[in-house]
Amino acid sequence: MPLTTKFTEMFGVEHPIAQGGMQWVGRAELVAAVANTGALGFITALTQPTPADLAKEIERCRELTDKPFGVNLTILPTINPPPYDEYRRVIIDSGIKVVETAGSNPAPHLPIFHDNGVKVLHKCTSVRHAVKAQDLGVDGISIDGFECAGHPGEDDIPGLVLIPAAAKQIDIPMIASGGFADARGLGRVCLM
């Protein structure tokens with residue numbers, strides 16, 4: 001039975017559960033399987049070698065599900081950055097309605113996404129980054145404790161400390177991620 005929360009209402013899914021973008025794993029088959037359960041899955045844009053490949057992967061996912069899914073766009077400082085403008089254009093032109101940003105400040109990406117009706121869930125590893133992202137106008141926060149894997153934060157705060165600390169300061173929908181203690185926990189759960 002669906003559970004209605006601020007997260008499910010904001011992102012148009014049945015269950016307050018998300019499969020975040022995971023490099024090399026966030027492909028159409030996994031994302032469609034997650035979406036078909038009523039949760040929110042994310043294709044990982046930078047797993048695709050080119051923006052054209054991302055467009056093909058989005059189309060493949062649409063062949064596997066008629067449920068909502070999104071695209072993760074990880075923003076990392078690099079000497080030779082990927083063509084973020086082109087990846088954003090593919091996301092918008094493909095009709096994706098939810099983007100998970102991660103890695104760096106989402107501010108440069110927000111206007112074009114919001115102007116095109118795309119909601120932004122920003123992945124954060126600290127309370128200060130979550131508060132900043134909320135102030136910038138993201139639509140939701142994914143708060144990732146140290147045990148999340150793949151996204152160790154600068155402060156290395158475990159989820160059992162980070163999640164309630166963030167919940168005190170975040171007013172927009174927030175989802176928690178990472179292993180809880182011994183990883184037999186919930187993976188990603190919606191708090192708000």
Side-chain angles (χ1 to χ4, degrees), residues 7 10-11 18-27 31 40-51 53-55 57-58 69-94 96-159 161-163 165-167 169-178 188 191-192:
F7 183 86
M10 175 66 71
F11 297 104
Q19 163 260 307
M22 296 179 283
Q23 190 71 15
W24 311 120
V25 178
R27 298 179 187 270
V31 174
L40 183 58
F42 289 95
I43 291 174
T44 310
L46 299 184
T47 292
Q48 304 305 312
T50 68
D53 290 316
L54 175 60
E57 194 71 4
I58 291 169
F69 64 90
V71 172
N72 167 279
L73 185 63
T74 298
I75 311 151
L76 296 173
T78 63
I79 292 173
N80 296 310
Y84 286 119
D85 291 343
E86 294 175 38
Y87 279 102
R88 280 194 311 257
R89 181 54 35 208
V90 165
I91 290 166
I92 291 164
D93 290 348
S94 297
I96 295 295
K97 295 300 177 193
V98 181
V99 168
E100 177 188 58
T101 55
S104 191
N105 188 340
H109 304 270
L110 291 176
I112 191 165
F113 284 139
H114 284 160
D115 288 350
N116 287 280
V118 178
K119 291 183 174 36
V120 177
L121 177 70
H122 187 63
K123 190 179 289 189
C124 302
T125 58
S126 73
V127 174
R128 71 181 181 281
H129 292 147
V131 169
K132 176 68 174 182
Q134 177 177 258
D135 292 346
L136 290 171
V138 300
D139 302 288
I141 298 292
S142 173
I143 194 77
D144 294 7
F146 179 66
E147 60 280 90
C148 182
H151 290 277
E154 298 168 355
D155 301 328
D156 297 340
I157 305 294
V161 174
L162 180 62
I163 295 162
Q169 297 188 50
I170 300 299
D171 299 317
I172 59 178
M174 185 175 83
I175 196 159
S177 65
R188 279 193 136 177
L191 297 175
M192 302 169 74

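Values reported hereafter were calculated over all heavy atoms of this structure, with side chains retained and with hydrogens, waters and symmetry mates removed.
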Under 3.5 Å, is there a donor-acceptor pair between the side chain of [X] and the main chain of [Y]?
X: E100; Y: F42; value: no
X: Q23; Y: L46; value: yes
X: D139; Y: V120; value: yes
X: S94; Y: A55; value: no
X: S142; Y: K123; value: no
X: N105; Y: A107; value: yes

Checklist entry - Going through the distances and angles, do L121 and T101 end up as a side-chain contact (heavy atoms from CB on, under 4.5 Å)? => result CA-CA 6 Å; L121 177 70; T101 55; over 6 Å; no
Checklist entry - Relative to each other, are the rings of F113 and H109 parallel, tilted or perpendicular (30° and 60° limits)? => result parallel
If I take atom [atom1] from residue [X] and atom [atom2] from residue [Y], how far apart are they, to the nearest 0.5 angstrom?
X: I92; Y: D115; atom1: CD1; atom2: CG; value: 8.5 Å
X: H129; Y: L136; atom1: NE2; atom2: CG; value: 11.0 Å
X: Q48; Y: R27; atom1: CD; atom2: CZ; value: 6.0 Å
X: I112; Y: N116; atom1: CD1; atom2: CG; value: 6.0 Å
X: K119; Y: M10; atom1: NZ; atom2: CE; value: 6.0 Å
X: M22; Y: T44; atom1: CE; atom2: OG1; value: 7.0 Å

For [X] and [Y], which heavy atoms make the closest approach, and how far apart are they?
X: I175; Y: F7; result: CD1-CZ, 3.8 Å
X: A166; Y: V127; result: N-CG2, 3.7 Å
X: Q169; Y: V131; result: OE1-CG2, 3.5 Å
X: P82; Y: Y87; result: CB-CE1, 4.2 Å
X: H122; Y: V138; result: CB-CG1, 3.9 Å
X: L73; Y: A45; result: CD1-CB, 4.0 Å

Checklist entry - Taking it one step at a time, do V118 and V98 satisfy side-chain contact (heavy atoms from CB on, under 4.5 Å)? => result CA-CA 5 Å; V118 178; V98 181; 5.8 Å; no
Next on the checklist: Is there a side-chain contact (heavy atoms from CB on, under 4.5 Å) between L54 and I43? Walk through the geometry before answering.
Outcome noted: CA-CA 9 Å; L54 175 60; I43 291 174; 3.9 Å; yes
Item to check | I58/F69 under side-chain contact (heavy atoms from CB on, under 4.5 Å): CA gap, chis, key distance, verdict | outcome: CA-CA 9 Å; I58 291 169; F69 64 90; 4.2 Å; yes
Next on the checklist: Measuring only between side-chain heavy atoms, which start at C-beta, is I141 closer than 4.5 Å to I172?
Outcome noted: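 I141 reaches I172 side chain to side chain.
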Item to check | Residue from I143, I170, D144 passing side-chain contact (heavy atoms from CB on, under 4.5 Å) with C124 | outcome: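 The side-chain contact (heavy atoms from CB on, under 4.5 Å) with C124 is passed solely by I143 among I143, I170, D144.
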